[in-house]
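The structure under discussion appears below in the form of structure tokens.
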Amino acid sequence: MASVAAKLHVLMACALLLLAVGCQASPFWPLEIGYYHDKCPQAEAIVKGVMEKAIFQNPGNGAAMIRMLFHDCFVEGCDASVLLDPTPFSPTPEKLSPPNDPSLRGFELIDAIKEAVEAACPGVVSCADIIAFAARDASCVLSRGKVNFDMPSGRRDGTFSNASEPLKFLVPPTSNLSDLVASFVIKGLNTEDLVILSGAHTIGRSHCSSFVSDRLNTPSDINGGFAAFLRGQCPADATPGGNDPTVMQDVVTPNKLDRQYYKNVLSHTVLFTSDAALMTSAETARMVVENAKIPGWWEDRFEKAMVKMAGIEVKTGYQGQIRKNCRAINHY
């Protein structure tokens, strides 16, 4: 009721201003908690049910959803553009870009969630909101309930996707701290958000090609024992699309979303240059220590950072569309 009253208040204010300043109807509404309460009451429960089953079958499914939210939101905003398949009119969408192909997973899981939601409420729930809900539920399940938050919704799906865009906004794992911070600032996030969201590297797997050349084949600060372990898992010439195995990002608690990542950063047992980079400034090193040592500190901040990231450049109101199939735009 409060959200409806707020919208009516905006419309009344706009009507009053119309005579004086020519106010135009806005195509944009802010995201809301419980957006589907009346439109599709069971939407969030359906997403959660599919996610719980998928994570029980393979915890990597949860890691995939959290990563997908990041890769979607940083490119064209949180609009599910990362889900679009190639077509004759758009032969190279985001999912075929090097930051996403072949490492980004979970497309079939999104299909399954969308099918279940469409069966209950056809044409109502956006693919962009499904990604956001799935990442939220993955965070809750993988943290054993310690990360538990409401995810505002009301996003609409984009109609543009191009493989050149991820290369502009998804910096590689070889990046230094200044490049990492810059990539977050341009999206309205800050240094703390970078440090907090990097904690998601406590789950999931990585291809060896993402770290072998700059962490194992050249001098780095990586722990010697950990480096020896990784050399036993990864070929020295690992390349994308070639002989490129995967390894756990966190070998201590590989299937649990927790603060272990920050302990790994402190012990130099992290995979990426971008992980180690968090210790290269006094400000970010202090944040790493706080997250590693204070119980509940990281979880609370991760909840807020996820909501903040999931609000990047969203399309709402009359913008975008509600796709019937998450892999293809609607053609009316």
Side-chain angles (χ1 to χ4, degrees), residues 63 66-67 69-71 73-75 99 135 139 142-143 146-147 149 166 168-206 210-216 218-227 230 247-254 256-312:
I66 295 172
R67 184 167 184 251
L69 180 67
F70 168 56
H71 281 233
C73 292
F74 265 60
V75 183
S139 300
L142 291 172
S143 68
K146 291 185 178 180
V147 175
F149 59 97
K168 299 176 185 176
F169 299 108
L170 297 173
V171 298
T174 54
S175 299
N176 60 32
L177 184 60
S178 60
D179 289 341
L180 292 166
V181 171
S183 73
F184 271 60
V185 169
I186 200 171
K187 293 299 176 181
L189 305 181
N190 59 33
T191 301
E192 184 180 36
D193 296 323
L194 164 66
V195 175
I196 294 299
L197 290 170
S198 294
H201 287 175
T202 189
I203 52 170
R205 305 181 68 89
S206 169
S210 295
F211 60 86
V212 162
S213 63
D214 60 317
R215 296 286 280 165
L216 300 182
T218 57
S220 72
D221 72 336
I222 196 167
N223 174 277
F226 187 54
L230 292 175
V247 296
M248 289 290 186
Q249 296 205 78
D250 172 8
V251 297
V252 182
T253 57
K256 187 176 181 183
L257 188 72
D258 57 16
R259 60 194 170 102
Q260 181 63 43
Y261 166 79
Y262 300 98
K263 299 177 183 179
N264 295 346
V265 173
L266 292 173
S267 63
H268 303 280
T269 54
V270 284
L271 296 181
F272 304 138
T273 295
S274 57
D275 294 325
L278 300 185
M279 294 302 292
T280 60
S281 86
E283 178 190 18
T284 55
R286 173 183 56 78
M287 295 177 188
V288 169
V289 171
E290 290 170 344
N291 288 309
K293 296 189 178 300
I294 305 174
W297 184 273
W298 172 73
E299 288 85 352
D300 178 64
R301 283 156 180 77
F302 186 73
E303 293 171 355
K304 295 178 175 64
M306 284 286 282
V307 171
K308 189 174 178 181
M309 179 173 68
I312 294 175

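Just so it is clear, the structure is predicted and the values come from calculations on it, not from any experiment.
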query = How far does OG1 of T273 sit from CG of D214, to the nearest 0.5 angstrom?
reply = 3.5 Å

request  = Quick one: closest heavy-atom pair of H201 and D275, and the distance?
outcome  = ND1-OD1, 2.8 Å

ask   = Which atom names give the shortest non-hydrogen contact between K146 and E299, and what distance separates them?
value = O-CB, 3.8 Å

request  = Just jot down the ring-ring contact (aromatic ring centres under 6.0 Å, His included) partners of F226, sequence neighbours excluded, or say none.
outcome  = none

query = With respect to F70, which candidate in L197, L170, I312 satisfies the side-chain contact (heavy atoms from CB on, under 4.5 Å) definition?
reply = L170

query = Is I186 atom CD1 crowded by more than 12 heavy atoms from other residues, nucleotides or ligands, each under 6.0 Å away?
reply = no

request  = List in chain and number order the residues that pass ring-ring contact (aromatic ring centres under 6.0 Å, His included) with F302, two or more places apart in sequence or in another chain; answer none if no residue qualifies.
outcome  = W298

request  = Find out whether N190 and K308 are in side-chain contact, i.e. whether some heavy atom of one side chain is under 4.5 Å from a heavy atom of the other.
outcome  = yes

task = On the 0 to 90° scale, with breaks at 30° and 60°, tag the F272-F211 ring pair as parallel, tilted or perpendicular.
result = tilted

key: Sequence-distant partners of K263, salt bridge (charged side-chain N to carboxylate O under 4.0 Å, His left out), two or more places apart   = none

ask   = Sequence neighbours excluded, which residues qualify as salt bridge (charged side-chain N to carboxylate O under 4.0 Å, His left out) partners of R301?
value = E192

task = Consider only side-chain N and O atoms of T253 and D258, and report whether a donor and an acceptor are under 3.5 Å apart.
result = yes

inquiry  = For N291 and Y261, which I'm curious about, is there any donor-acceptor pair between the side chains at under 3.5 Å?
reply    = no

For P99 against R67, the heavy-atom pair lying closest together = O-NH2, 3.5 Å

From D250 atom CG to R259 atom CZ, the distance as rounded to the nearest 0.5 Å = 12.5 Å

ask   = Is the closest side-chain heavy-atom distance between L230 and L271 below 4.5 Å?
value = yes

note = Rounded to the nearest 0.5 Å, the OG1 atom of T191 sits from the CE atom of M287 at a distance of 6.0 Å

inquiry  = Could you check whether any side-chain heavy atom of M309 comes within less than 4.5 Å of a side-chain heavy atom of D193, counting everything from C-beta outward?
reply    = no

Chi angles and distances behind the side chain to side chain contact (heavy atoms under 4.5 Å, CB included) call for V252, N264 = CA-CA 9 Å; V252 182; N264 295 346; 4.0 Å; yes

Smallest separation among heavy atoms of L257 and A200, with atom names = CD1-CA, 4.3 Å

inquiry  = Going by the rule side-chain contact (heavy atoms from CB on, under 4.5 Å), which residues pair with S213 if we only count those two or more places apart in sequence or in a different chain?
reply    = none

inquiry  = Please give me the minimum heavy-atom distance between A310 and C73, naming the atom from each residue.
reply    = CA-SG, 4.0 Å

query = With side chains defined as the heavy atoms from C-beta onward, is the minimum distance between T280 and N176 less than 4.5 Å?
reply = no

key: Residues in salt bridge (charged side-chain N to carboxylate O under 4.0 Å, His left out) contact with D221, at least two apart in sequence or another chain   = R215

inquiry  = Checking the side chain of Q249 only, and the main-chain atoms of I203 only, is there a donor and an acceptor separated by less than 3.5 Å?
reply    = yes

message = Closer than 3.5 angstrom, by distance alone: can the side chain of T284 be matched with the main-chain N or O of L278 as a donor-acceptor pair?
response = yes

task = Could you tell me the separation between the CE atom of M279 and the CG atom of L177, rounded to the nearest 0.5 Å?
result = 11.5 Å

key: Where I66 and S139 come nearest, the two heavy atoms and their spacing   = CD1-OG, 3.6 Å

key: Min side-chain heavy-atom separation V171-F74 under 4.5 Å   = no

message = Does T202 form a side chain to side chain contact (heavy atoms under 4.5 Å, CB included) with Y262? I'd like the steps, not just the answer.
response = CA-CA 9 Å; T202 189; Y262 300 98; over 6 Å; no

